[in-house]
Amino acid sequence: MTMLPSYYEFERMITHQDNINGSYHDFLEHNERIMNNLPGDDLAFLRRLCGMIKTTTVNVMDMESCAEFKSSGIYYNKEGELCIFNPR
């Protein structure tokens, strides 16, 4: 169901973001723990969102440039906030 960043995407993330740290294994466990604790309605929403991302119907817009990017996947940062990312 999930569309988490690959190891290589994660490596890029930790060199450019302050809210990502630890190993890739820790990152995966953190995301799995959060998803396993989601209430049923939130989990159903997450499944629908992942399905929409897979069919490229979810874009992310950068307010600085006003450019739209196709979404590539999701993850939870260390604060437990859901993040949608675009491909490189």
> Could you tell me whether the side chain of N59 reaches within less than 4.5 Å of the side chain of N86, counting heavy atoms only?
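A side-chain contact is absent here, since even the closest heavy-atom pair is not under 4.5 Å.
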> Between the main-chain N or O of Y76 and the side-chain N or O of N31, is there a donor-acceptor pair closer than 3.5 Å?
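At least one qualifying donor-acceptor pair exists.
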> Measure the spacing between CD of E81 and OH of Y75 and express it to the nearest 0.5 Å.
9.5 Å
> To the nearest 0.5 angstrom, please state how far the CD1 atom of I14 sits from the CD atom of E9.
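Here the rounded value is 13.0 Å.
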> Pair C50, R47 - check side-chain contact (heavy atoms from CB on, under 4.5 Å), show working.
CA-CA 5 Å; C50 287; R47 284 188 174 131; 5.9 Å; no
> Does the side chain of D41 come within less than 4.5 Å of F45's, by heavy atoms?
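F45 vs D41: side chains apart.
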> With the side chain counted from C-beta on, respond yes when F27 and P5 share a heavy-atom pair under 4.5 Å apart, and no when they do not.
yes
> Do the non-hydrogen side-chain atoms of L46 and I74 ever get within less than 4.5 Å of each other?
yes
> Among all residues two or more places apart in sequence or in another chain, which pass the side-chain contact (heavy atoms from CB on, under 4.5 Å) test with T56?
K70
> For the CG atom of N36 and the CD atom of E32, what is their distance to the nearest 0.5 Å?
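So the gap between those two atoms works out to 5.0 Å.
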> Counting N and O atoms only, with roles assigned by atom type, does the side chain of S72 sit under 3.5 Å from a partner on the main chain of F85, one being a donor and the other an acceptor?
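Not confirmed, S72 side chain does not pair with F85 backbone.
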> Hydrophobic cluster membership, with links at side-chain heavy-atom distances under 4.5 Å among I/L/V/M/F/W/Y: are F69 and M61 in one?
no
> Nearest 0.5 angstrom please: S23 OG to E29 CD, how far?
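That separation rounds to 7.5 Å.
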> Does T55 reach the main-chain N or O of G51 with its side chain, forming a donor-acceptor pair under 3.5 Å?
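Yes, T55 side chain to G51 backbone: donor-acceptor pair under 3.5 Å.
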> Could you give the distance from CG (D42) to CE (M35), rounded to the nearest 0.5 Å?
12.5 Å
> How many angstroms lie between CG in L4 and NE2 in H30, if you round to the nearest 0.5 Å?
10.0 Å
> Checking S65 now: which residues fulfil side-chain contact (heavy atoms from CB on, under 4.5 Å) with it, not counting sequence neighbours?
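Here the qualifying residues are D62, A67.
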> Under 3.5 Å, side chain of S71 to main-chain N/O of I84, donor-acceptor pair present?
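A pair under 3.5 Å: no.
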